[in-house]
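Have a look at the structure below before the remarks.
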Amino acid sequence: MSVGTLPLSRFTVLDLTHARAGPTAVRQLADWGAKVIKIEPHGDSRDVTGSRRDGFDFQNLHRNKRSLTINLKTEDGKAVFMKLAAKADVIVENFRSEVKYRLGVDYESVKKVNPRIVYGSISGFGQTGPYAKRPGVDQIAQGMGGLMSITGMPGQGPVRVGIPIDDLCAGLLLAQAMLMALIEREHSGEGQWVHTSLLEAQIFMLDFQASRWLIAGEVAKQAGNDHP
C-alpha cells in the first residue's frame, strides 16, 4: 500500500507521551498511517528512558512521527496546543494521573474545543483509586501484577521478564481502545476518553494463570519451561 492508502491516514494524532507505554500506543497508529505530531517539552533531547533522539530506542519508539516543541506550562503554549487539539482526532498521554489537569490539557478541557476528540491515557495504576497519583514503571507492575511470581525456575525467587511487557501490552491495549472509539464516533459523532494502566494490562496478561485461580483454585508457581 502507498502511504496515502494506509487505513489511518485521514486521522491526526497529538502525542503527549513519554517513556515507553504511551509511545508504543501512538506508534501503532503511526505505523498505520496516522499523521502524528509528537509534542515535546523544551530542554534536553534525552527521553526519560535514557535514549537520545538518534539512539536505537528513541528511533524505534517514535518512528513515523513528526515533532513540535511546545511549553505547555505557559499560557501561550497551551493556546497553541488547543488550536491543534481543535482540529485533531486523537490525543494520547501517559502523565501521572493528575498532571494533565494541572497543565489544563485533560479530556474535559479539550472536549470544550473539540467534542469529537478521542482521548487516550495510560497510567501506572489507573485514573482513580489510592495509587492513582503514584508513578508506575514496568518492573513495578510486573511484581504487583503477579508475573514475577510465575516466571523463572522453581524456587528461584521473583524473576523479571526480559522485555518491558507491561509497557508494551498497555500500549497495545490502548491503541485498540482508541481505534474502537474512532469506530464508535462514526455513529455517535462524539469522541470519548479511553484509558488503561500498566497494572491493569499485567493482570489481563496473566490470562490462563489467573483463570486457574479464579476457576480451579490453583495458585500458579514458577515452572521454568514447563507448562501446566
Side-chain angles (χ1 to χ4, degrees), residues 13-29 39 41 47-49 61 72 81 85 88-112 114-115 117-151 158 160-161 163-185 190-214 220:
V13 179
L14 300 183
D15 179 7
L16 291 171
T17 68
H18 62 284
R20 191 173 307 281
T24 297
V26 180
R27 182 177 61 187
Q28 291 296 107
L29 307 182
I39 308 298
D47 188 73
V48 295
T49 60
L61 283 169
L72 293 175
F81 176 79
D89 297 286
V90 177
I91 293 173
V92 193
E93 61 86 21
N94 64 328
F95 300 123
R96 292 194 314 276
S97 62
E98 81 277 11
V99 171
K100 55 185 166 289
Y101 299 104
R102 188 166 69 239
L103 293 174
V105 296
D106 56 280
Y107 172 64
E108 291 298 333
S109 298
V110 174
K111 184 180 178 182
K112 293 176 182 177
N114 184 356
I117 199 71
V118 170
Y119 194 104
S121 297
I122 294 177
S123 61
F125 305 104
Q127 298 297 317
T128 60
Y131 284 10
K133 294 183 179 181
R134 292 190 180 188
V137 296
D138 179 87
Q139 189 160 321
I140 292 174
Q142 285 193 35
M144 292 182 66
L147 180 62
M148 288 186 181
S149 68
I150 57 175
T151 303
R160 175 187 174 276
V161 173
I163 59 171
I165 191 167
D166 294 333
D167 285 336
L168 300 177
C169 290
L172 293 173
L173 289 170
L174 185 68
Q176 184 182 49
M178 291 187 293
L179 292 174
M180 288 190 290
L182 287 171
I183 293 172
E184 196 280 333
R185 192 180 73 173
E190 295 185 359
Q192 59 182 297
W193 183 22
V194 293
H195 47 83
T196 188
S197 68
L198 302 187
L199 185 59
E200 289 171 280
Q202 177 52 76
I203 293 172
F204 166 79
M205 289 298 291
L206 289 178
D207 196 60
F208 76 90
Q209 297 285 34
S211 66
R212 287 177 68 187
W213 161 247
L214 292 171

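These figures come from a predicted structure and were not determined experimentally.
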*Any Ile117 side-chain heavy atom under 4.5 Å of Tyr107 side chain*: yes

_Quick one, Arg160 and Thr151 - any side-chain contact, counting heavy atoms below 4.5 Å?_
no

If you look at every heavy atom in [X] and [Y], which pair is closest and at what distance?
X      : Y      : result
Gly145 : Gln202 : CA-CG, 3.6 Å
Glu200 : Gly126 : OE1-CA, 4.3 Å
Val161 : Leu147 : CG2-CD2, 3.2 Å
Gln142 : Asp138 : NE2-OD2, 2.6 Å
Glu93  : Tyr119 : CG-OH, 3.5 Å
Leu198 : Ala141 : CB-CB, 3.7 Å

With rounding to the nearest 0.5 Å, note down the distance linking [atom1] in [X] to [atom2] in [Y].
X      : Y      : atom1 : atom2 : answer
Met178 : Thr196 : CE    : OG1   : 11.0 Å
Arg20  : Leu61  : CZ    : CG    : 5.0 Å
Met144 : Phe125 : CE    : CZ    : 5.0 Å
Leu29  : Leu182 : CG    : CG    : 8.0 Å
Leu16  : His18  : CG    : NE2   : 10.5 Å

*Evaluate whether atom CE of Met205 has more than 12 neighbouring non-hydrogen atoms of other residues, nucleotides or ligands under 6.0 angstrom away.*
no

*Quick check: does any side chain N or O of Asp166 sit under 3.5 Å from a backbone N or O of Val137, one acting as donor and the other as acceptor?*
no

*Sequence-distant partners of Phe204, ring pair (Phe, Tyr, Trp, His ring centres under 6.0 Å), two or more places apart*: none

*Residues two or more places apart in sequence or in another chain: which of them pass side chain to side chain donor-acceptor pair (under 3.5 Å) with Ser211?*
none

_Qualifying residues under side chain to side chain contact (heavy atoms under 4.5 Å, CB included), relative to Gln127, sequence neighbours excluded_ = Ser97, Lys100, Ser121, Ser123, Trp193, His195

*asked:* Val92 and side chain to side chain contact (heavy atoms under 4.5 Å, CB included): which single residue from Ile122, Val194, Leu174, Leu14 fits?
replied: Leu174

